Amino acid sequence: MAETEGKRGKKFQGPKGTRDFYPREMARRRYIEQAWRKVAIRHGFDEIEGPTFESSDLYAVKSGEGILGELFQAFSGKSPEEVEQVKATGRAPYALRPEFTPTLARMFADKAASLPRPTKWFAIPLHYRAERPQRGRLREFLQWNVDVIGDGSAAADAEVIAAAVGLFRELGLESKHLTVRLSNRDLVSEMLRASGVGEASVPAALTLLDRRDRMPPEVFESSCAEIGLDPIAFIRGLDEVQKQMNEALAALENGRANPPIDRSSPATAGLVALLAELAARDILKWCEFDFSIVRGLAYYTGTVFEITAQGQRAIAGGGRYDRLIEMFGGPPTPAVGFGMGDVVLSLVLEENGLMPDEAMLAEYLNTRPDAFIISAGGPECDAAVVPLVAEMRQAGLHARRSYKSTSKIDKLLKDAAACFARTAIIIDDAYSGGTVSVKDLTDGTQHILKREELPGWIRDRRAAKP
RNA sequence: GCGAUCGUAGCUCAGUUGGUUAGAGCACCUGGUUGUGGUCCAGGGGGUCGGGGGUUCGAGUCCCCUCGAUCGCCCCA
């Protein structure tokens, strides 16, 4: 049961696959959100946001059956027709957003005429998927979406990948922790056609390749046979091109001359162009080609990639979707982007000891109190605490005090340290003369100051610290 | 949607072959009455053992159902 009857009334559990964010967890969440936002802005992306729920039809436009089955559906229940529709069809008129790309495509299509090319957008929305929760996968999660719209060049592909790598660098992750695995659907499709797969069977073949690792070899082979593909020869050919491309990547990274690559294929030429763009952004060492990456979604067109850490599900995934804006009623517009979830990212950070402790989070998130005011005298000193806190706050400082009933200085100072206050303002008998003692809790030094000097002194002191 | 394991205070756990008012550490609160920072001492609040049902003289301890978490399958936007 989700609720239990206790002496005090009902007790509820949170819904399956959701998280409660107490201050400690919230600080970690803010840390990730802030890094996402900071890095996206640094890379020239503007933040957008859309509704938490959309018309179900929006997700039906480009999705397969499986995806619709994972939707959290929503309806107002206000009109009998609506309720009837849900009963009859099992489909509600709205759904909580399972991904952001349809919203983004809709938003772009609506204002396409007035938007610059390229348009660079990012978002940090909550997403909802009615899946069975597992490690690294919940039913409600945050996802960082980064997209370049209106630029079909390899430069745009590299631009979004560079943003992902920039995020990893911001958080202290290194190329040894993560790999950006690159592929290209056009290249794989081209090779499929060259191997005798009919045009109509190419999408099925891509899906097959995507699932290759998750099915028994016999099944894979028989399925290949059905669409006229010789799996052994094809995989060998694919591996050969992959090897060539990875050699080219290594050569470029080490500043050696490019080994000869067959550039007669437009797709191969595209990959070479992508390499040059990645090199220009100094992120080659994070990347490698892996043509087994196909991505499940049908709407991907050219470059596709996944970012993985050892032993984890993908931390991010994305690619080029040049047809999607058009499908949502906009002009033909190339686009590329990726999504990165907070759940796996958190796991990877924790696994590598890169999640900051409470004190570091307070510093990074700027939540350390500037001043913690305590009384060290008689009742008149006690009475001065609240007015002084108010005074500091009016001066724009983050001021706190203790809510304990004790008058023991050591316990009050402990209270100050517990919230990582930068200074403790100690009101003692000198207060009637207009001075207080200020203890700098970061270095232990203590100073006598006039009351009116406090805000300026605290600010200067704070600015002087690294 | 399927299978496996687990579920005792806010957290980490202990609870002998079922037996008196369920324990510890940490955290939290209050004291140790003029005292300067993660010490020390004493005291206190807080669990009816995820929830429901059953077996039994008696269940946290056995059985069934259910909720949740974890791992795998499906799926993975």
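Order of the sequence lines fixes the chain letters, A, B, ..., with proteins taken first and strands second; residue numbering starts at 1 for each chain. Everything numeric here is computed off the predicted structure, so don't read it as measured data.
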### Query
Just how far, in rounded Å, is C1' of B:C76 from CG of A:Leu209?
17 Å
### Message
Distance check needed: B:A77 P versus A:Ile315 CD1, whole Å only.
### Response
15 Å
### Summary
So CG of A:Asp46 and CD1 of A:Ile48: to nearest 0.5 Å the spacing works out to 9.5 Å
#### Entry: Rounded interatomic separation in angstrom, taking CD from A:Glu131 and C1' from B:G68
18 Å
## Note on the structure
side-chain hydrogen bond (donor to acceptor under 3.5 Å, both in side chains) filter on A:Ser189, not counting sequence neighbours, yields none
### Query
Is there any salt bridge (Lys or Arg N to Asp or Glu O under 4.0 Å) pair reaching into residues 140-159 of chain A, and which pairs are they, with sequence neighbours excluded?
A:Lys120-A:Glu159, A:Asp157-A:Arg320, A:Glu159-A:Arg281
### Message
Does this structure show an ion pair linking A:Arg323 with A:Glu326, if we count only N-O contacts that are shorter than 4.0 Å?
### Response
no
### Query
Got a sec, which residues hit side chain to side chain contact (heavy atoms under 4.5 Å, CB included) with A:Ala74, two or more places apart in sequence or on another chain?
A:Tyr94
### Message
Nearest whole Å is fine: how far is B:C76 C1' from A:Tyr59 OH?
### Response
16 Å
### Task
Specify the separation, in whole Å, of atom CZ of A:Arg19 and atom P of B:A69.
12 Å
### Task
Find the distance A:Tyr22:OH to B:C11:P and express it as a whole number of Å.
9 Å
### Query
Residues in ring pair (Phe, Tyr, Trp, His ring centres under 6.0 Å) with A:Phe21, at least two apart?
none
### Message
Between the base of B:C11 and the side chain of A:Arg24, is one N or O donor paired with an acceptor at under 3.5 angstrom?
### Response
no
### Query
B:C71 and B:G54: how far apart are their P atoms, nearest whole angstrom?
35 Å
### Message
Applying a 3.5 angstrom cut-off to the pairing atoms, does RNA chain B sit in any stems of at least three consecutive Watson-Crick or G-U pairs? List them by first number.
### Response
B:1-7 with B:67-73, B:10-13 with B:23-26, B:28-32 with B:40-44, B:50-54 with B:62-66
### Task
Give, for atom CG of A:Leu167 and atom CH2 of A:Trp36, the distance between the pair rounded to the nearest 0.5 Å.
7.5 Å
#### Entry: Plane angle bin for A:Tyr128 and A:Phe72 - parallel if under 30°, tilted between 30 and 60°, otherwise perpendicular
perpendicular
### Message
Strictly under 4.0 angstrom, non-hydrogen atoms only: write out the protein contact profile of nucleotides 28-40 of chain B, one letter per nucleotide from the 5' end, B, S or -.
### Response
-SSBB--BBB---
### Message
Under the rule for salt bridge (Lys or Arg N to Asp or Glu O under 4.0 Å), what residues qualify as partners of A:Arg132, not counting sequence neighbours?
### Response
none
### Task
Please state how far atom CE in A:Met327 lies from atom C1' in B:A77, giving the value in whole angstrom units.
13 Å
### Message
Work out how far the P atom of B:G58 is from that of B:U5, and round it to whole angstrom.
### Response
30 Å
### Query
How far does the P atom of B:U20 sit from the matching atom of B:U61, given to the nearest Å?
13 Å
### Query
Can you tell me how far P of B:A77 sits from CG of A:Asp147, to the nearest Å?
15 Å
### Query
Base, sugar-phosphate, or nothing: which does A:Gly341 touch, judged by heavy atoms less than 4.0 Å apart?
nothing
### Spacing of the P atoms in B:G18 and B:C13 (rounded, Å)
25 Å
### Query
Of all residues at least two apart in sequence or in a different chain, which pass the side chain to side chain contact (heavy atoms under 4.5 Å, CB included) check with A:Val386?
A:Arg401
#### Entry: Gap in Å between the two P atoms, one belonging to B:U39 and one to B:G35, rounded
22 Å
### Task
Check whether any side-chain N or O of A:Arg135 sits under 4.0 Å from OP1 or OP2 of B:C71, and answer yes or no.
yes
### Message
Suppose you measure atom P in B:G43 against the same atom in B:A69; what distance do you get, rounded to whole Å?
### Response
40 Å
### Which residues share a salt bridge (Lys or Arg N to Asp or Glu O under 4.0 Å) with A:Asp342, sequence neighbours left out
A:Arg19
### Nearest-angstrom distance, C1' atom, B:A27 to B:G10
7 Å
### Counterpart residues, side-chain hydrogen bond (donor to acceptor under 3.5 Å, both in side chains), relative to A:Glu170 (two or more places apart)
A:Lys38, A:Arg42, A:Tyr364
#### Entry: Nearest-Å distance once atom C1' is located in both B:C26 and B:C62
34 Å
## Note on the structure
The side-chain hydrogen bond (donor to acceptor under 3.5 Å, both in side chains) partners of A:Arg137 (sequence neighbours excluded) come to none
Atom pairs under 3.5 Å: protein N/O with N/O of nucleotides 2-6 of chain B:
unit_1	atom_1	unit_2	atom_2	d
B:C2	N4	A:Arg132	NH1	2.4

